[in-house]
Amino acid sequence: MKVPEKPLENIALCLSGGGYRAAAFHLGTMEYLQNCEWRGKPLLHHVNILSTVSGGSISGILYALMTEQGKSFEEYRSCLMENLQEIDLVKLGLDKLKKDGQWENHHKKKNLINAFAEIYNQKYTLDATFADLIADPPKSHLDHVIFNTTEFQGGRNMRFRNDGHAGTKDLMLHKKIISEIRLADVMAASSCFPGGFEPIAFPHDFRYPPQKETDPDPCPELSRLVAERMPEPIGLMDGGIFDNQGIDSVLTTLKRQSASECNLILISDVSSYLIHSPFRFQEIKPLSRLRAWSLGKLIDRWNSVTGSIQWILLGVLLLGLILFSLGIAGNAFLTGAGVAVLLFGLLLYLLFAWSMRNIREFSTEIKRTASNLIPSFYREKLSEFDFRDFTVGEIEPLVIDRMRSLKLMVADVFLKQIRRLQYKRIYPFDRNDDSEKRDRHDLWQHRRIANGIRELTPVGFANVDQEQPGFPKVLSGSYEKVISAPLRNICEVAASFGTTLWFREEELEKMLFQLMASGRVTMCFNLLVYVGEIMAALEGEDKLRKELIKDLQDLFDRLSVDWRQFQSAAEEDLLKELEP
């Protein structure tokens, strides 16, 4: 496959999902691209397509907005870092859900994802809408911005874009509708991961009422969409359910555009093909104490206890009645005691009856829901099975293993498989495939970089192909030789960090800087590998592309200097230079 005429221009940048971990790692990636110059301007300014997902949308939406507003990268960096350091989204979101919590838009459902949307609007986007991104021509270097969500009606990727192709195949949203949508709501929808949030309702939760009754509707197109086409909302959730790297949106955009508009697809990714908490079977524990009880015995004991409580309460009422009857004969003390016991017993009895009724109703609802979720074939077979003979200890591993496997399937196995399928679209061959076949059919050869958070960990580095043509000598050798101890610590800590929405705990004080440093260093590493690959592919074309080869060599030399500085620096120095 021929090397593009302009291999480091017209870049598509994909920012993967992964909460604050992703937002911080991507900031480091973007910062290195900003500081790395190519032909008179930062590499980041050669990005013309931006596709973001989930946590990547926090970084990407803010960057697209501030760039379109003419703000500098330093202003963007400062704003994002301050918000990542100071805002505990979960705490602030739960505060909004309290009875006395401040809720701005009473037309929105009062739930956690809409609380997050309000916080994003207050802290990140400041009432900005897509109208602030739709300019013809764009004021920034970003021609196409795509913020990805997943719709829960057809199971498709729903894209919020600035180029007139927003929505889905079945629900195209013209620019007038898109212009009314707040960027904070898109940020919330894109990062609305299952289990942590409920779906956000489109378009209902995206509308805003006028500030005064006499003011016009600020969202007339969205209101018309609700009234005429969508009286029932559709649920939107995390874009990572469909594609956690944002690759599909870039490829879809390129189908509509000239292929020359993208010479390089660069994927900043905090996901991995590995499952880092593999399935572990529940330990079989001795059948003693409660675990030795059968479910039948447990149910009988529950019925016995509740029955005893009911009889005790009836006894209290009877005692109160007796005391009251004796007091009528003229003993005021007994009369008062009888009334007090009667009232107290009646209150307890009513509370008990109300609790038991709610428990029965809740149990019935759970059974009905579970029954609807279980296929009829299994439901019929299970109805013939008596679970009462099983002990608690025998049921425990069955339930826990099922719950663990279900959680692992949804959170890891399912998403890893989607990740592999999306990457296969731009990495259709591996290094063991026939080189002639690969060169003939690999459409993205010499036009791709995957900047993964685990690449400079021992497992990731072991998969680096040091035998490929043009691989830099400065990166060749064993893991311990190429990656210094401070870099190893930074990259391994960053890669092991979970998906959170806060950095405020004391033990996470350094994590933001470690993630950013990991993004910077890994980006330098991968650019070195990529430029070396391009230069090797251009061997023999000196006369035809003399200027390009010279520019590539200059960039390669600058990258090599940066890498040596990264490799020789102490961890404290690497982190300190990232501080505001």
Query raised in the report: Less than 4.0 Å between a side-chain N and a carboxylate O, is that true for Asp551 and Lys6?
Result: no
Report summary line: Taken to the nearest 0.5 Å, the spacing of Leu171 CG from Arg156 CZ works out to 10.5 Å
**Report entry** All ring-ring contact (aromatic ring centres under 6.0 Å, His included) counterparts of Phe130, not counting sequence neighbours
**Finding:** Phe147
Query raised in the report: Between Arg564 and Gln567, is any side-chain donor less than 3.5 angstrom from a side-chain acceptor?
Result: no
Considering only distance and modelled atom types, tabulate donor-acceptor pairs under 3.5 Å from the side chains of residues 43-52, sequence neighbours left out.
residue : atom : partner : partner atom : Å
His45   : NE2  : Gln34   : OE1          : 3.4
His46   : NE2  : Trp38   : O            : 3.0
Asn48   : OD1  : Ile11   : N            : 3.4
Asn48   : ND2  : Glu261  : O            : 3.2
Ser51   : OG   : Asn148  : ND2          : 3.1
Ser51   : OG   : Gly246  : O            : 2.9
Thr52   : OG1  : Ser57   : OG           : 2.8

Report summary line: When rounded to the nearest 0.5 Å, the distance separating OH of Tyr63 from CG of Leu27 is 11.0 Å
I'd like a table of donor-acceptor pairs (distance under 3.5 Å, sequence neighbours excluded) in which one partner is a side-chain atom from residues 515-524, with atom names and distances.
residue : atom : partner : partner atom : Å
Arg520  : NH1  : Glu577  : OE2          : 2.7
Arg520  : NH2  : Glu577  : OE2          : 3.1
Thr522  : OG1  : Ser518  : O            : 2.6

Requested in this report: State, with a plain yes or no, whether a side-chain heavy atom of Leu183 is found less than 4.5 Å away from one of Leu133.
Outcome: yes
Report task. Please identify each residue that fulfils salt bridge (charged side-chain N to carboxylate O under 4.0 Å, His left out) with Lys550, with sequence neighbours left out. Result -> Asp554
Report summary line: Closest non-hydrogen contact found for Ala22 with Ser16 is CB-O, 3.6 Å
Query raised in the report: Can Ile483 and Cys491 be said to form a side chain to side chain contact (heavy atoms under 4.5 Å, CB included), step by step?
Result: CA-CA 10 Å; Ile483 313 298; Cys491 293; 5.6 Å; no
Report task. Please identify each residue that fulfils side-chain contact (heavy atoms from CB on, under 4.5 Å) with Gln468, with sequence neighbours left out. Result -> Asp465, Phe471, Val529, Glu533
Query raised in the report: Ser191 and Tyr120: which non-hydrogen atoms are nearest, and at how many Å?
Result: OG-OH, 3.6 Å
Query raised in the report: Which atom names give the shortest non-hydrogen contact between Met535 and Gln553, and what distance separates them?
Result: CE-OE1, 2.7 Å
Query raised in the report: Heavy atoms, side chains only, cut-off 4.5 Å: are Leu487 and Leu574 in contact?
Result: yes
Query - Note, Tyr76 side chain near Thr67 side chain (heavy atom, < 4.5 Å) - result: no
Query - Note, Met66 side chain near Leu80 side chain (heavy atom, < 4.5 Å) - result: no
Query raised in the report: Is there a side-chain contact between Phe202 and Thr149, using heavy atoms and a 4.5 Å cut-off?
Result: no
Query - Arg161 and Ser249 side chains, donor-acceptor separation under 3.5 Å - result: no
Query - Partner set under side-chain contact (heavy atoms from CB on, under 4.5 Å) for Thr129, not counting sequence neighbours - result: Ala131, Asp132, Arg182
Report task. Indicate the atoms forming the closest heavy-atom contact of Ile418 with Ile241, along with that distance. Result -> CD1-O, 3.0 Å
Report task. Go through the steps for Thr252 and Arg159 under the test side chain to side chain contact (heavy atoms under 4.5 Å, CB included), then give the verdict. Result -> CA-CA 11 Å; Thr252 301; Arg159 305 177 177 98; 3.5 Å; yes
Report summary line: In this structure, OG of Ser179 is separated from CG of Asn162 (nearest 0.5 Å) by 10.5 Å
Query raised in the report: Does atom CD of Glu82 have more than 12 heavy-atom neighbours, drawn from other residues, nucleotides or ligands, at distances under 6.0 Å?
Result: no
Query raised in the report: So, do Ile265 and Cys14 sit near enough that their side-chain heavy atoms are less than 4.5 Å apart?
Result: yes
Report task. May I have the step-by-step check of side chain to side chain contact (heavy atoms under 4.5 Å, CB included) for Tyr124 and Ile61, ending in yes or no? Result -> CA-CA 9 Å; Tyr124 283 90; Ile61 290 177; over 6 Å; no
Requested in this report: For Met172, look at atom CE and say whether over 12 heavy atoms of other residues, nucleotides or ligands are found less than 6.0 Å away.
Outcome: yes
Requested in this report: Can you see which heavy atom on Thr457 is nearest to which on Ala495, and at what distance?
Outcome: CG2-CB, 3.8 Å
Query raised in the report: Is any side-chain heavy atom of Leu251 less than 4.5 Å from a side-chain heavy atom of Trp444?
Result: yes
Query raised in the report: What are the two closest heavy atoms between Asn526 and Gly452, and how far apart are they?
Result: ND2-N, 4.4 Å
Query raised in the report: How far apart are the C-alpha atoms of Phe497 and Ile453, what are their side-chain angles, what is the distance that settles it, and do they pass the side chain to side chain contact (heavy atoms under 4.5 Å, CB included) test?
Result: CA-CA 10 Å; Phe497 183 58; Ile453 196 172; over 6 Å; no
Query - Side-chain heavy atoms of Lys510 within contact of Glu571, under 4.5 Å - result: yes
Query raised in the report: Of Asp243, Asn244, Asp269, which meets side-chain hydrogen bond (donor to acceptor under 3.5 Å, both in side chains) against Arg419?
Result: Asp269
